[in-house]
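To start, the structure itself, in structure tokens.
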There are 2 protein chains.
Amino acid sequence: MLTLFHHPLVASCRFVRLVFGEFGEELALIEEKPWVRRKEFLSLNPAGSLPVLLAEGDAAIVGATVIAEYLDETRGAIKRERRLFAENPFARAEARRLVDWYLGKTDAEVTKHLARERAFKPMMPREQGGGSPDAQAIRVARANLKPHMKYTNWLAGTRDWLAGETLSYADLAAAGSLSVLDYLGEIDWSDYPAARDWYVRIKSRPSFRPLLADRVSGLPPVSHYADLDF
Amino acid sequence: MLTLFHHPLVASCRFVRLVFGEFGEELALIEEKPWVRRKEFLSLNPAGSLPVLLAEGDAAIVGATVIAEYLDETRGAIKRERRLFAENPFARAEARRLVDWYLGKTDAEVTKHLARERAFKPMMPREQGGGSPDAQAIRVARANLKPHMKYTNWLAGTRDWLAGETLSYADLAAAGSLSVLDYLGEIDWSDYPAARDWYVRIKSRPSFRPLLADRVSGLPPVSHYADLDF
């Protein structure tokens with residue numbers, strides 16, 4: 001069984017867990033606080049960022065998209081209809097564009113700020129950046145969330161799955177990001193009916209079950225977080 | 001011939017130009033000011049980010065790493081010894097980690113701030129964010145540059161090329177990022193002899209020649225920028 005260094009409120013870590021779930025492969029988890037630059041962890045990944053996968057032979061594979069490509073090369077390519085990438089290079093590019101959108105753009109504009117201000121700062125020692133949430137940062141992130149939800153709603157309303165006809169890495173990246181925001185109660189799904197329908201489908205998959213059991217100490221999820229019919 | 005929407009002082013755009021150069025394939029360039037959210041450009045890439053490749057059939061391929069994977073699938077895989085990815089999945093993961101390092105981490109901590117403050121802001125209308133450079137942002141970015149140069153120096157001193165035994169996407173990503181900083185005169189190469197030797201080798205490649213001719217209006221490069229023996 002491979003091991004993932006992760007944190008439950010980091011979107012790109014959730015993405016990797018969903019990928020393993022879809023491939024039906026068990027994964028050992030080690031929770032790493034993203035603000036603690038642990039020496040042993042830095043020796044695996046000098047960037048200090050999450051996620052890091054300890055793959056075969058304890059080789060460290062660093063970063064969500066790098067892990068996704070590695071898994072596609074070593075697992076996905078032989079999974080046939082359960083592969084999370086299309087065969088066509090243009091369709092693959094579209095899935096990769098959306099993975100970058102949700103794990104890059106959505107994270108940088110919305111998710112990481114809300115996770116940091118609302119979940120991490122109260123846990124962090126003051127000398128590592130802990131303290132009271134920054135109300136202005138929360139306001140900006142919440143305003144930024146709207147176009148991301150509108151775009152997700154548009155994608156979900158015009159395609160079977162976010163990148164096209166089949167479930168792909170794009171859906172799992174979006175689910176990783178939006179499920180962190182949903183845990184924090186930041187999404188009013190009633191404003192985005194097509195995105196909501198898509199999220200119900202993703203949330204009902206067996207791969208999603210471990211994520212619904214995630215709990216961060218001192219910050220329980222919003223009441224509907226684990227409901228499949230929310 | 002394919003077309004790239006790019007800007008000469010955006011590291012990830014330089015990376016894509018180097019990849020085309022290494023594959024010996026011509027590329028038409030359209031300069032896009034990254035701060036102008038042009039309607040026609042947003043219809044190609046709703047994120048508004050650079051680079052965007054108009055590939056076969058004018059399909060838009062969005063983002064440097066997505067373009068690199070697309071080119072590997074459609075060109076690299078048949079280039080054999082000129083392929084910019086190793087065959088081994090672990091070696092590919094290492095190259096991808098470093099591409100993310102230079103186009104993600106180095107850009108976010110150093111390159112994009114120095115390009116914005118020193119090159120873009122003086123060109124930008126005030127209502128789009130133009131104005132005087134922020135001296136504090138420049139100071140922070142310059143301090144951040146040191147560990148990136150040290151790390152590059154360490155990689156270059158312990159490996160033939162940055163990701164291992166052969167030239168790979170990792171070298172071209174590092175060259176894209178560091179050449180923007182070199183244009184701006186931000187790198188004191190004498191402090192980093194192994195990185196300097198590596199940069200001399202990269203800079204002497206035919207693929208690099210078009211980058212040495214880049215000029216940004218109102219901001220000429222540092223005097224040694226185009227010297228192969230600097």
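In what follows, chains carry the letters A, B, and so on, assigned in the order in which the sequence lines appear, proteins first and then strands, with residues in each chain numbered from 1. Scope of the values below: all heavy atoms of this structure, side chains included, with no hydrogens, waters or symmetry mates.
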Handout entry: Neighbours of chain B found in residues 128-158 of chain A - heavy atoms under 4.5 Å
Key =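 At a heavy-atom separation under 4.5 Å, chain B is reached by A/Tyr151.
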Problem - Salt-bridge criterion met for A/Arg97 and B/Glu69 (N-O under 4.0 Å) - result: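 No, this pair does not count.
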Exercise for the section: Side-chain contact test, heavy atoms from C-beta onward, threshold under 4.5 Å: evaluate it for B/Trp101 versus A/Val62 and give yes or no. Expected result: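 They are not in side-chain contact.
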Handout entry: A/Asn88 CG to B/Glu73 CD distance, which is reported to the nearest 0.5 Å
Key =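 Between atom CG of A/Asn88 and atom CD of B/Glu73 there are 9.5 Å.
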Problem - Contact origin within B/Glu56 toward chain A - heavy atom pairs under 4.5 Å - result: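 It is both, since atoms from each part get that close.
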Problem - Minimum heavy-atom distance B/Ala47-A/Lys105, with the two atoms named - result: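 Heavy atoms only, the tightest pair is O-NZ, 3.7 Å.
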Practice task
Compare every heavy atom of B/Ala93 with every heavy atom of A/Val66, then report the nearest pair and how far apart it is.
Solution key: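 A/Val66 and B/Ala93 have their closest heavy atoms at CG1-O, 3.5 Å.
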Exercise for the section: Only one of B/Thr65, B/Val99, B/Asp100 passes side chain to side chain contact (heavy atoms under 4.5 Å, CB included) with A/Thr65; say which it is. Expected result: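 Among the candidates, only B/Asp100 passes.
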Practice task
Look at A/Pro46, A/Ala55, A/Gly104 and state which one has the largest set of heavy-atom pairs under 4.5 Å with chain B.
Solution key: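 Sorted descending by pairs with chain B, the first entry is A/Pro46.
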